Peer 1: 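First, the structure itself, so that you have it in front of you.
Nothing here was measured: the structure is a model prediction, and the numbers come from that model.
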Amino acid sequence: MAEIAFELFNNQLVQQLVGEADSNLRLIEKMLNVEILSFGNQITVKGANSDVESARSAIETLYNKASKGIEIGEQEVKAAVRMSGDSHSAAEVNEMSDIVLKTKKRYIYPRSAHQAKYIQEMMKNELVFGLGPAGTGKTYLAVALAVSMMLEGTIDKIILSRPAVEAGENLGFLPGDLKEKVDPYLRPLYDALYEMLPAEQVDKKLALGEIEIAPLAFMRGRTLSNSFIILDEAQNTTPMQMKMFLTRLGENSRMVVNGDLSQVDLPRGVVSGLRDALDTLRNVHNISSVTFSSEDVVRHGLVAKIVQAYEERSKKQQEND
């Protein structure tokens, strides 16, 4: 067992950090199996060595966030604990906690070490693959960075796309014109935009073509410059579709390709374009990939448990095979 005591200098920020009736500290205690005592700006943590250090790192991360005006709630506490428990140094945790994407409606920041790495890779590289289960923030964070870069004037256009494989041959029987037929499959992309920009701005940018949301087939024959291009549900592309999409990249553009290889909806025997691209581009420089797991799921806590259960079953099946 270990015990450490440390001091945080701004009492007002400490009050925000600990939460009402010390609720944030109680959550850290529960997640890390430690005991935390607070008196004024003095914090004492008791528990196993590694857990004590993780708790201290999480508390200091939350203090840093509070100092930047970020409201500290349950999700922020869980994010700080996730990052502190991933064997990162204090300097690395502080660097990750400094990442903030500014949009018109909210500030968006990583809630796990993988999310922080994902944002960093998108900032550095022109092509990034985001891999892993739903709920890990792949598309949401990509849209957030795209919106942030547009507001800064770094890019002129945001293009969001995904294949409409789920519609299959039944697409033609859906009511409405082509846009109305495919919009239901693009709804998650609209939802992300409306969370980051006022509705009237989203509608205006869509009307002007500054933001474009389109099915993958609409990308053929184009060269996309000064743009941030996101392909969602990329596991449902064929190799030819993926090659077509990747070769749309133009000057001063960034491209993010997201997908979950455990959720392929292609016909049996058809190779996923996402898997094919990862194999083909393995040794190409300036291309990065970030893999998420159930530990990065930031939706309802039960979602993470569901994803983890499926991952464990899949692993056992692979071992048996």
Peer 1: Any pair with a residue in residues 244-256 that passes side chain to side chain donor-acceptor pair (under 3.5 Å), sequence neighbours left out, goes on the list, sorted by first then second residue, please.
Peer 2: N226-N252
Peer 1: Are F228 and M255 packed together at the side-chain level, in the sense that at least one heavy-atom pair is separated by less than 4.5 angstrom?
Peer 2: no
Peer 1: Do M150 and Y107 belong to the same hydrophobic cluster, where Ile, Leu, Val, Met, Phe, Trp and Tyr are linked whenever their side-chain heavy atoms lie under 4.5 Å apart, directly or via other members?
Peer 2: no
Peer 1: Report yes if some heavy atom in the side chain of V257 is under 4.5 Å from a heavy atom in the side chain of M242; otherwise report no.
Peer 2: yes
Peer 1: Which pair of heavy atoms, one from I99 and one from P110, lies closest together, and at what distance?
Peer 2: O-CD, 3.3 Å
Peer 1: Among V256, L246, I159, L127, find the one that has a side-chain contact (heavy atoms from CB on, under 4.5 Å) with I229.
Peer 2: I159
Peer 1: Run the side-chain donor-acceptor check on residues 28-36: report pairs under 3.5 Å with partners two or more places apart or on a different chain.
Peer 2:
residue : atom : partner : partner atom : Å
E29     : OE1  : R26     : NE           : 2.7
E29     : OE2  : R26     : NH2          : 3.2
E29     : OE2  : I36     : N            : 2.6

Peer 1: Shared ILVMFWY cluster between V100 and I72, side chains joined below 4.5 angstrom?
Peer 2: no
Peer 1: Are T139 and L160 close enough that some pair of their side-chain heavy atoms sits under 4.5 Å apart?
Peer 2: no
Peer 1: Are more than 12 heavy atoms from other residues, nucleotides or ligands located less than 6.0 Å from atom NZ of K243?
Peer 2: no
Peer 1: Do side-chain atoms of D232 reach the backbone of R162 as a donor and acceptor pair under 3.5 angstrom?
Peer 2: no
Peer 1: List for me each residue that meets ring-ring contact (aromatic ring centres under 6.0 Å, His included) alongside F292, sequence neighbours excluded, and say none if there are none.
Peer 2: Y118
Peer 1: Which pairs of donor and acceptor atoms, one on a side chain in residues 266-274, lie under 3.5 Å apart (sequence neighbours left out)?
Peer 2:
residue : atom : partner : partner atom : Å
S272    : OG   : Q235    : O            : 2.9
S272    : OG   : L274    : N            : 3.2

Peer 1: With sequence neighbours excluded, tell me which residues meet salt bridge (charged side-chain N to carboxylate O under 4.0 Å, His left out) with E76.
Peer 2: R111
Peer 1: Hey, can you pull the donor-acceptor pairs under 3.5 Å for the side chains in residues 1-20, sequence neighbours left out?
Peer 2:
residue : atom : partner : partner atom : Å
E7      : OE2  : N41     : ND2          : 3.3
N10     : OD1  : Q12     : N            : 2.9
N10     : OD1  : L13     : N            : 3.1

Peer 1: With the threshold set at 4.0 Å, does a side-chain nitrogen-carboxylate oxygen contact exist between E74 and K78?
Peer 2: yes
Peer 1: Could you list the residues that satisfy salt bridge (charged side-chain N to carboxylate O under 4.0 Å, His left out) with D203, not counting sequence neighbours?
Peer 2: none
Peer 1: List the steps, then state whether side-chain contact (heavy atoms from CB on, under 4.5 Å) holds for N258 with L231.
Peer 2: CA-CA 6 Å; N258 292 325; L231 177 61; over 6 Å; no
Peer 1: Output yes when a side-chain donor or acceptor of S148 lies under 3.5 Å from a complementary backbone atom of L145, and no otherwise.
Peer 2: no
Peer 1: Heavy atoms, side chains only, cut-off 4.5 Å: are I211 and L197 in contact?
Peer 2: yes
Peer 1: Which residues pass the side-chain hydrogen bond (donor to acceptor under 3.5 Å, both in side chains) test with S262, not counting sequence neighbours?
Peer 2: D260
Peer 1: Tell me, do T103 and E195 make a side-chain contact under 4.5 Å, heavy atoms counted?
Peer 2: no
Peer 1: Counting C-beta onward and ignoring hydrogens, is there a side-chain heavy-atom pair between L101 and I119 closer than 4.5 Å?
Peer 2: yes
Peer 1: For K117, what residues pass the salt bridge (charged side-chain N to carboxylate O under 4.0 Å, His left out) criterion, not counting sequence neighbours?
Peer 2: none
Peer 1: For the residue pair M219 and A214, what are the closest heavy atoms and their distance?
Peer 2: CE-CB, 4.1 Å
Peer 1: State plainly whether one hydrophobic cluster holds both I70 and L62, where clusters connect Ile, Leu, Val, Met, Phe, Trp and Tyr through side-chain heavy atoms under 4.5 angstrom apart.
Peer 2: no
Peer 1: Please round to the nearest 0.5 Å and tell me the distance separating atom OG1 of T61 and atom CZ of R82.
Peer 2: 13.0 Å
Peer 1: Does a side chain donor of either Q115 or Y109 reach within less than 3.5 Å of an acceptor in the other side chain?
Peer 2: no
Peer 1: Quick one: closest heavy-atom pair of T136 and S293, and the distance?
Peer 2: CG2-O, 3.5 Å
Peer 1: Would you say L189 and L206 are hydrophobically clustered, going by side-chain heavy atoms of ILVMFWY under 4.5 Å?
Peer 2: yes
Peer 1: Is the closest side-chain heavy-atom distance between M196 and Y140 below 4.5 Å?
Peer 2: yes
Peer 1: Can you name the closest pair of heavy atoms from T238 and Q241 and give their distance?
Peer 2: N-OE1, 2.9 Å
Peer 1: Closest approach of P239 and D276, non-hydrogen atoms and distance?
Peer 2: CB-OD2, 3.6 Å
Peer 1: For a 4.5 angstrom cut-off between non-hydrogen side-chain atoms, does L37 reach L25?
Peer 2: no
Peer 1: Mark yes or no for whether K157, through its side chain, and S225, through its backbone, hold a donor-acceptor pair below 3.5 Å.
Peer 2: no
Peer 1: When you measure from the side chain of S161 to the backbone N and O of L216, does any donor-acceptor pair fall under 3.5 Å?
Peer 2: yes
Peer 1: Can you list the steps and then say if I230 with V143 is a side-chain contact (heavy atoms from CB on, under 4.5 Å)?
Peer 2: CA-CA 8 Å; I230 302 168; V143 173; 3.9 Å; yes
Peer 1: Donor-acceptor pair, S54 side chain versus V52 backbone, under 3.5 Å?
Peer 2: no
Peer 1: For E200 and K204, what are the C-alpha separation, side-chain angles and deciding distance, and is it a salt bridge (Lys or Arg N to Asp or Glu O under 4.0 Å)?
Peer 2: CA-CA 6 Å; E200 62 274 12; K204 181 179 179 181; over 6 Å; no
Peer 1: Between A55 and V45, which heavy-atom pair has the shortest distance, and what is it?
Peer 2: CB-CG1, 3.8 Å
Peer 1: Examine distances only and state if a side-chain atom of K105 and a backbone atom of P198 form a donor-acceptor pair shorter than 3.5 Å.
Peer 2: no
Peer 1: For residues 277-290, pull every pair meeting side chain to side chain donor-acceptor pair (under 3.5 Å), keeping only residues two or more places apart or in separate chains.
Peer 2: E121-S288, D279-R282
Peer 1: Can you name the residues that form a salt bridge (charged side-chain N to carboxylate O under 4.0 Å, His left out) with E210, not counting sequence neighbours?
Peer 2: K205
Peer 1: May I ask whether L131 and V284 are part of the same hydrophobic cluster, defined by side-chain heavy atoms of I, L, V, M, F, W, Y residues being less than 4.5 angstrom apart, directly or through others?
Peer 2: yes
Peer 1: Just grab all the ring-ring contact (aromatic ring centres under 6.0 Å, His included) pairs involving residues 244-263, residues at least two apart or on different chains.
Peer 2: none
Peer 1: Could you go step by step and tell me if V290 and F129 meet the side-chain contact (heavy atoms from CB on, under 4.5 Å) rule?
Peer 2: CA-CA 6 Å; V290 178; F129 290 91; over 6 Å; no
